[in-house]
Amino acid sequence: MAQTLFDKYGGVPVVTRIVRDFYKRVMRRPNLRRYFELVPLERLIHHQIRFVSMAMGKPPLNYSDAGLHAAHAARGITDASFELMIALFTDALHAEEIEPDDIAQIVAVLRARKPVVVSR
């Protein structure tokens, strides 16, 4: 059985650090912070830990495009905001010393969801 990126980098503790670092970066940006008004941040962080774990190969891979679209449609996420969030997430991965090829693989999973997340 091949080792997943989730296992390679230490599982939930590492993913948790990445996600928390990412949201610290996001919340420092007013143009991104606006998407999270009235959203319980801790709940969102726990949800994102599960999503990033999936993106790093941890089963189950049960995030449907329909579910992701429903969760993001009303937010009016722009292409520019999506790209900035990808850049900030990439920075958080670098800060955790994830290898460049592995970053590319993780980001590819996230980018594949762009059509269902971006609505304007």
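For the single chain, residues carry numbers from 1 onward in sequence order.
Among all heavy-atom pairs drawn from Ile98 and Asp102, the shortest one is CG2-CB, 3.8 Å. Across every non-hydrogen atom of Tyr35 and Val39, the tightest pair is O-CG2, 4.2 Å. Closest of all the heavy-atom pairs between Phe82 and Val117 is CD1-CG1, 4.1 Å.
Atom CD1 of Ile106 and atom CG of Leu5 lie 5.0 Å apart (nearest 0.5 Å). Taking CD1 of Ile18 as the start and OG1 of Thr90 as the end, the distance is 11.0 Å to the nearest 0.5 Å. Taken from NE2 in His46 to CD in Glu42, the straight-line distance is 4.5 Å, to the nearest 0.5 Å. Expressed to the nearest 0.5 Å, how far CZ of Phe22 lies from CE of Met27 amounts to 10.5 Å. A distance of 10.5 Å separates CD in Glu96 from CD1 in Ile103, rounded to the nearest 0.5 Å. To the nearest 0.5 Å, the span separating NZ on Lys114 from CD on Glu83 amounts to 3.5 Å.
Around the CZ atom of Arg33, the shell of radius 6.0 Å holds more than 12 heavy atoms that belong to other residues, nucleotides or ligands.
Tested against Thr16 for a side-chain contact (heavy atoms from CB on, under 4.5 Å), the candidates Ile45, Ile49, Asp21 yield a single pass: Ile49.
Taking 4.5 Å as the limit, some side-chain heavy atom of Tyr9 sits within range of a side-chain heavy atom of Met56. Here the side chains of Phe6 and Val14 are not in contact, with every heavy-atom distance at 4.5 Å or above. Between Val26 and Met85 the shortest side-chain heavy-atom distance falls below 4.5 Å. Residues Gln48 and Phe89 form no side-chain contact, since every pair of their non-hydrogen atoms from C-beta on lies 4.5 Å or further apart.
Here the side chain of Arg34 pairs a donor or acceptor atom with the backbone of Asn31 at under 3.5 angstrom.
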